[in-house]
Q: 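First the structure, which I've put down as structure tokens, then a few questions once you've had a look.
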Amino acid sequence: MKLRDKLEQILPPLLPTSAAEAIKGKELIARVRSVLGETYSDRSLLSQFSCMALDEASCLARIAGGQGYFLRGEETEHSLHDMFEDGAAQEEGENPVHKALAAAVRLYDTAGLGVFVYPVGEESWFHPDLVAVQWPAGHYGEDGAYIIDEQEAEPSYRAVCLAFAEDDESCRRALYRALSCGLWAEEAELLLFGCGENEDLAELGARWGVGVRCIGTEEDELPEFPRADDMFRAEPSSARRLLRALPQHILAVPRHRTAPTPRPSEAAAVLRWAEQCAARGRIEPFEMRVAAH
């Protein structure tokens, strides 16, 4: 019997029944070992806990943004992005485009950047799919908030477009869309899913200063990735572990522009959000993660 199947059987009586009584990973490992013995390593158990906590069909739930585990009940948590808050959440969570978007958000936010996500809809050549915000230098407070040290410093922006590699023409189109949508930002980057080595893209990216990061996951393989809304909610260490499993390579590094073109109206929402955060000198954890709007 697989470890996952064993855990599904033995965990229900070992877990507290409410989030208020949640236990940490070390305590849960100790309880599991009281049943299974020393057969499995801490790493193997923690890895299974992370995967199970992201699966709504599993008995194991975890406090959003925290470290505590408890028995999953019938109650459901709200997502951190409004695209999953309507009646279509079940369908949207399995949508490959939304899975790719969720992976992109966590790629940047687990690296400490703020992330602003534009509504998912028709392809736009005026605004990117998301913007990663690099906050001015600072430090983390005891409550987890990021405190900006230099009040006069301004955030910088990376405009990010997502695409699936279908053929050479679609890849070129995606790169030029990233260029178009990112002219106003200090950096522009294309995240291209399902793309291998491509000298043409590498040359174009270097010529126009657009970063090209290839994530070697075909669209038809994304169903194996966690649901998009679960990925949005995943605790940072779990998200990093899942992202490390995605093969990635960089074809071109984004060129930093010190004097980008004037900000278009399509950038107004993200600029207002980031500037208001920076003006307070205190970036709350949710704001460092994703702007739901």
Side-chain angles (χ1 to χ4, degrees), residues 81 83 92 95-111 113-134 155-196 198 200-219 222 225 228 231-232 243 246 248-257 260-271 273-274 290-293:
H81 194 280
M83 72 169 67
E92 299 296 332
N95 185 309
V97 175
H98 292 157
K99 284 190 173 187
L101 178 62
V105 168
R106 302 317 307 272
L107 185 68
Y108 293 106
D109 75 19
T110 55
L113 281 71
V115 181
F116 187 96
V117 183
Y118 282 89
V120 175
E122 294 184 1
E123 180 183 274
S124 171
W125 283 69
F126 295 97
H127 70 71
D129 297 311
L130 62 89
V131 177
V133 182
Q134 178 66 61
S156 64
Y157 304 90
R158 178 180 295 188
V160 181
C161 288
L162 278 61
F164 288 96
E166 299 174 356
D167 50 38
D168 289 344
E169 182 176 348
S170 71
C171 291
R172 271 182 167 242
R173 175 185 173 85
L175 185 140
Y176 282 113
R177 176 180 171 243
L179 174 63
S180 171
C181 294
L183 287 174
W184 62 271
E186 280 79 10
E187 296 179 352
E189 185 170 35
L190 170 64
L191 295 188
L192 196 54
F193 287 77
C195 176
N198 189 312
D200 183 45
L201 281 186
E203 180 180 346
L204 288 172
R207 177 178 298 179
W208 298 109
V210 176
V212 182
R213 187 189 311 221
C214 295
I215 300 178
T217 301
E218 300 289 350
E219 184 172 350
L222 280 174
F225 207 63
M231 190 64 179
F232 266 92
L243 290 167
L246 287 177
Q248 300 179 37
H249 63 280
I250 295 174
L251 292 181
V253 176
R255 185 182 307 144
H256 190 84
R257 296 186 287 262
T261 60
R263 316 287 197 187
S265 59
E266 289 79 13
V270 63
L271 294 172
W273 166 70
V290 58
H293 55 290

Q: Could you point out which residue of Ile250, Leu251, Leu190 forms a side chain to side chain contact (heavy atoms under 4.5 Å, CB included) with Arg213?
A: Ile250
Q: Taking all non-hydrogen atoms of both residues, which atom of His98 and which atom of Ala228 are closest, and how far apart?
A: O-CB, 3.5 Å
Q: Could you work out, with side-chain contact (heavy atoms from CB on, under 4.5 Å) as the rule, every residue matching Glu186, not counting sequence neighbours?
A: Ser156, Tyr157, His256, Pro260, Arg263
Q: Partners of Glu203 by side chain to side chain donor-acceptor pair (under 3.5 Å), sequence neighbours excluded?
A: Arg207
Q: For Cys181, what residues pass the side-chain contact (heavy atoms from CB on, under 4.5 Å) criterion, not counting sequence neighbours?
A: Pro128, Cys161, Arg177
Q: Got a sec, which residues hit salt bridge (charged side-chain N to carboxylate O under 4.0 Å, His left out) with Arg106, two or more places apart in sequence or on another chain?
A: Asp109
Q: So, using side-chain contact (heavy atoms from CB on, under 4.5 Å) as the criterion, who are the partners of Ala252 when residues are at least two apart?
A: Val212
Q: State which residues pass side-chain contact (heavy atoms from CB on, under 4.5 Å) with Arg173; sequence neighbours excluded, sorted by chain then number.
A: Glu123, Trp125
Q: Just to verify, what does Arg257 make a salt bridge (charged side-chain N to carboxylate O under 4.0 Å, His left out) with, not counting sequence neighbours?
A: none
Q: Sequence neighbours left out, what passes ring pair (Phe, Tyr, Trp, His ring centres under 6.0 Å) with Trp273? Give chain and number order.
A: Phe116, Trp135
Q: How would you list, by chain and number, every residue that makes a salt bridge (charged side-chain N to carboxylate O under 4.0 Å, His left out) with Arg172, sequence neighbours excluded?
A: Asp200
Q: Can a side-chain donor-acceptor contact be found between Glu189 and Tyr108 if the only test is distance below 3.5 angstrom?
A: yes
